[in-house]
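Treat the numbers as computed from the prediction; the structure is a model and nothing was measured. All ligand and atom numbering here is 1-based and tracks the order in the structure. The figures here come from the full heavy-atom set of this structure, side chains too, leaving out hydrogens, waters and symmetry mates.
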Amino acid sequence: MTQITNHMPTAALQALDAAHHMHPFTEDAALARKGARIITRGQGVWLTDSEGNRILDGMAGLWCVNIGYGRKELAEVAARQIEELCYYNTFFQTSHVPAIALAAKIAELAPGDLNHVFYAGSGSEANDTNIRLVRRYWDVKGQPERSVIISRHNAYHGSTMGGASLGGMAGMHAQGGLPIPGIVHIGQPHWYGEGGEMTPDAFGLMRARELEAKIEEIGPDRVAAFIGEPVQGAGGVIIPPATYWPEIQRICDKYGILLIADEVITGFGRTGNWFGSQTFGIRPHIMTIAKGLSSGYAPIGGSIICDEVYHTVAGSGEDFNHGYTYSGHPVAAAVALRNLELLQDEGIVEHVRTVANPYLAERWQALADHPLVGEASLVGLMGSIALTPDKARRAPFAAEAGTVGFRCRERCFANNLVMRHVGDRMIIAPPLVITPAEIDTLIERATRSLDECHAGLKSDGLLTAA
Ligand SMILES: *Cc1c(COP(=O)(O)O)cnc(C)c1O
């Protein structure tokens, strides 16, 4: 067996990585010249890299390691399940205990009559399921012309052809012939960036009413569904104004279109409730789930489906011709179930709501006083700060968007803090188990990184507004 271990020198690992491993969302040739940072261990909110640095993971991996790294209970349940039944499918009138038990647990946790789970291997796959499911629903209802799905610019719904089409990422649509037909986009509720002189509440209403205008433009009898993240994550942690979701809900109800809440990030405690829909008062017909479902310990996602949609499709008299080899994979399902039990037994969602969010909110908000910061916002344990050269005008930098954000992220890396940048916004979503003492460390490192970034911008003449 080839020995590719943590104990190889970093340079050797980087060379092999550059030679053979093509990275997602990466300019690989540039990374090959620089060498990837190689992560070797994780414990709680802490990562260790191949150089022995101890890094505070302010992003919980990719918004997923909600329970924190290194939980033995999850290792044990995976090992036990592999020995007992490593794999079986759920296609041909068979089922297995992990898929059954996890579906029942998800139905118990999910609000309202979201009682049915269709499994996928990831959030992207689950959103592909949702496209086919809502179109199938209207087919069975005798309204096959209802096929258009409305989403939003700067939304993120995954990277498959369907998921990326639902998403509203301009950079993704520019590659590979996207979006696929039948998916249209309206404006996002991003007050800081796009609200101009309007109040947040007036802007939130205006952006929600773009849904009504779009439905009227397409024809109400042609619209199948609206999809949205309760809080846009990859788009920059955009927390919508309070007026936004109630108006979206009203419009969906008025036209009888299905509402899909993409809870891949906001699900399982991230916003201080089990689901972001509860935090924002949304009553979806379908929820997309992944990431925190297993805290990232195993790849698994799915759609939680309400009674009406489920019974319509399930009772159509025909198969729903859709599924994945790994739908409900027993090892992933067993790990996810144990993860949810631990979140519940250890009161981790309550910890977010009553301890971690209030403590972080105060310290995070104080960052808005930093000369480089135009806004600091937080819901539960997902937050953002907008960098600006001119706080009063919320002005963007003269430099190309993302230049300053990238420089700030580099300072964070140098200070052993993982904080991501989206354009010139810095974002965090730490593991839900983060303690007040660890929050202090996060804030100290973030502040130091902002100071260093600010000094660097000043000396390089980049503190100018567009
Ligand atoms: C990450 C993400 C997805 C895609 O999930 P994958 O598991 O990467 O396919 C979909 N929706 C949202 C809101 C996400 O954040």
Side-chain angles (χ1 to χ4, degrees), residues 23-26 59-66 117-131 133 149 151-169 171-173 176 178-179 183 185 188-190 225-240 245 259-271 275-277 279-280 282 284 286-304 324-329 332-333 335-336 339 379-384 420 422 425 427-430 432:
H23 292 246
F25 289 96
T26 298
M59 283 303 301
L62 273 179
W63 326 79
C64 52
V65 188
N66 288 358
V117 180
F118 192 102
Y119 290 114
S122 67
S124 304
E125 287 178 14
N127 277 327
D128 279 26
T129 297
N130 292 339
I131 295 172
L133 182 67
I149 302 171
S151 179
R152 302 166 314 164
H153 298 301
N154 199 36
Y156 190 79
H157 297 297
S159 199
T160 50
M161 292 292 283
S165 295
L166 289 174
M169 296 291 171
M172 296 176 76
H173 288 184
L178 300 178
I183 295 172
H185 299 82
Q188 56 172 330
H190 183 6
F226 172 77
I227 184 168
E229 306 154 78
V231 178
Q232 287 155 265
V237 185
I238 313 294
I239 304 171
W245 275 112
L259 176 50
I260 307 167
D262 186 335
E263 295 262 10
V264 168
I265 288 175
T266 50
F268 306 106
R270 176 58 61 191
T271 69
F275 296 94
S277 291
T279 302
F280 290 90
I282 309 165
I286 298 170
M287 280 182 181
T288 318
I289 53 172
K291 294 189 175 129
L293 169 59
S294 65
S295 284
Y297 280 68
I300 184 167
S303 306
I304 323 180
Y324 308 104
T325 299
Y326 296 143
S327 285
H329 190 284
V335 168
N339 172 60
V379 59
L381 284 180
M382 60 195 294
S384 68
R420 186 167 147 189
V422 177
R425 294 174 80 80
I427 61 176
I428 53 160
L432 305 186

Engineer: Taking a 3.5 Å cut-off between nitrogen or oxygen atoms, can you list every pair linking ligand 1 to the protein, with distances?
Structural biologist:
residue	atom	partner	partner atom	Å
ligand 1	5 (O)	G123	N	3.4
ligand 1	7 (O)	G123	N	3.0
ligand 1	9 (O)	S122	OG	3.4
ligand 1	9 (O)	G123	N	3.4
ligand 1	9 (O)	S124	N	2.7
ligand 1	9 (O)	S124	OG	2.5
ligand 1	11 (N)	Y156	O	3.4
ligand 1	11 (N)	D262	OD1	3.3
ligand 1	11 (N)	D262	OD2	2.8
ligand 1	15 (O)	K291	NZ	2.6

Engineer: Which pair of non-hydrogen atoms, one from L381 and one from L432, has the smallest distance, and what is that distance?
Structural biologist: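 Answer, listing the atom of L381 first, then L432: CD1-CA, 3.7 Å.
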Engineer: Does a sphere of radius 6.0 Å around OH in Y297 hold more than 12 heavy atoms from other residues, nucleotides or ligands, not counting ones at 6.0 Å or beyond?
Structural biologist: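 Yes - once you tally the heavy atoms of other residues, nucleotides and ligands closer than 6.0 Å, there are more than 12.
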Engineer: Kindly compute the distance separating OG (S303) from CG (N130), expressed to the nearest 0.5 Å.
Structural biologist: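 Reported to 0.5 Å precision, the distance equals 3.5 Å.
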Engineer: Is the H185 ring parallel, tilted or perpendicular to the H153 ring (thresholds 30°, 60°)?
Structural biologist: parallel
Engineer: Would you please say whether a donor-acceptor pair under 3.5 Å links the side chains of E263 and S277?
Structural biologist: yes
Engineer: With a 4.5 Å heavy-atom cut-off, do F280 and V231 have their side chains touching?
Structural biologist: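 Yes, their side chains come closer than 4.5 Å.
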